[in-house]
Amino acid sequence: MTSAESGRRAELAENLKALRARVAAACQAAGRDAAEITVVAVTKTWPVSDIRLLTGLGVTDIGENRDQEAAPKAAECADLPLTWHFVGQLQTNKCRSVVRYADVVHSVDRPRLVRVLAQEARRAGRVVTCLVQVDLDDEGTAASAAPRGGVRADQALPLARQVTAEHGLRLGGVMAVAPLGTRSRDAFSRLEAVAAELRAIYPAAGVISAGMSGDLEEAVEAGATHLRVGTALLGARRVFVR
Ligand SMILES: *Cc1c(COP(=O)(O)O)cnc(C)c1O
C-alpha cells in the first residue's frame, strides 16, 4: 500500500468509526438495537480503491446512483463479497444493465419501471429486491420541483402489489429521500406509516431505507433499517451529483 493509500485508509477508518458511534447513539436514544441497521456506503464520485478500502474495514453494502458509473465499478469489484444498492432515479433503458449487478433497487417508483425491471431480471436470471420509493413531499413545497422521484404515499401499496406479482422481483420494503425545506423527522414519520401498511400485508417487506449523512438520527428514530451514507463516510463530493 502506498502512503497515499494508507492515509486514505486511516481517514475512512476514522469516518467509519465516527459513523458507527453516531448510529449507536441514535439507536440508544430510540431504544433500538444497532444490529437492525445496515449502513449502505454511497460511493458515487469516489474511486473503486475506496470501495476496496471500505470492504477491508468491514463495509458490506455499497450504493450508487448512476448506472454509467456503477456498472464499471461493480464489474471491477466482482471479486468482493458486496451487496450492491442502486439508489438513484432509474430510467427504463438502464434496467438491463442495472439488474446485472444490483441486488437491491431503492428507487422503484412507477408501474412501467416495475415491468421493465422484472423483464430484465428474468432475462438475466437474477432476482432483484425492490424498494418502493415514496415521495414524502406531498405538501407541495417549492423543493418539489426537484426530480427526486417517488410515488405518492397512496400509490405505494398498488405499486408494491405489482412488484410481488412479478417473477424476478422481490418486495423488500420502502425508501425515501427527505424533502428539502421540511423537517426530516416529520417526513420520515409519514414513511414509517406507509412501511407499516405495507408490512401488514407483506410481512417480509421490512426494509425502511431512509436517512443520509445529515439526517440519519431522525431516520433511526423513525424506524429506518437502511441508512444511505455518502459524505459522512467518504468526505465531501467534489462533483455535484444529486
Ligand atoms: C448521494 C445519495 C445519498 C448519500 O448522501 P450523503 O448526504 O452524501 O450522505 C443517499 N441517498 C441517495 C439517493 C443519494 O443519491
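Since the model is a prediction, treat every value here as computed from it, not as a measurement. Atoms within each ligand, like the ligands themselves, are counted from 1 in listed order.
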Trainee: Looking only at heavy atoms, is any part of R237 under 4.0 Å from ligand 1, and if so is it the side chain, the backbone, or both, or is it neither?
Mentor: side chain

Trainee: Which pairs, with at least one residue in residues 199-224 and sequence neighbours excluded, count as a side-chain hydrogen bond (donor to acceptor under 3.5 Å, both in side chains)?
Mentor: R22-E217, H106-S209, S184-D215, R185-E221, S209-R228

Trainee: Could you tell me, atom by atom, which parts of ligand 1 come under 4.0 Å of a heavy atom of V229?
Mentor: 9 (O)

Trainee: Check each atom of ligand 1 against the heavy atoms of R228 and keep those under 4.0 Å away; list them by number with element.
Mentor: 4 (C), 9 (O), 10 (C), 11 (N), 12 (C), 13 (C)

Trainee: Taking N or O atoms only and a 3.5 Å limit, does M175 qualify as a polar contact for ligand 1?
Mentor: no

Trainee: Under the 3.5 angstrom rule, does the side chain of R122 hit a backbone N or O of H167 as a donor-acceptor pair?
Mentor: yes

Trainee: Report, in ascending order of atom number, the atoms of ligand 1 lying under 4.0 Å from any heavy atom of T231.
Mentor: 6 (P), 7 (O), 8 (O), 9 (O)

Trainee: Any ion pair linking R123 and E120 (charged N to carboxylate O, less than 4.0 Å)?
Mentor: yes

Trainee: What I want to find out is whether D137 reaches R190 closely enough, with some N-O distance under 4.0 Å, to be called a salt bridge.
Mentor: no

Trainee: Could you tell me whether R8 and E11 make a salt bridge, using a distance below 4.0 angstrom between a side-chain N and a carboxylate O?
Mentor: yes

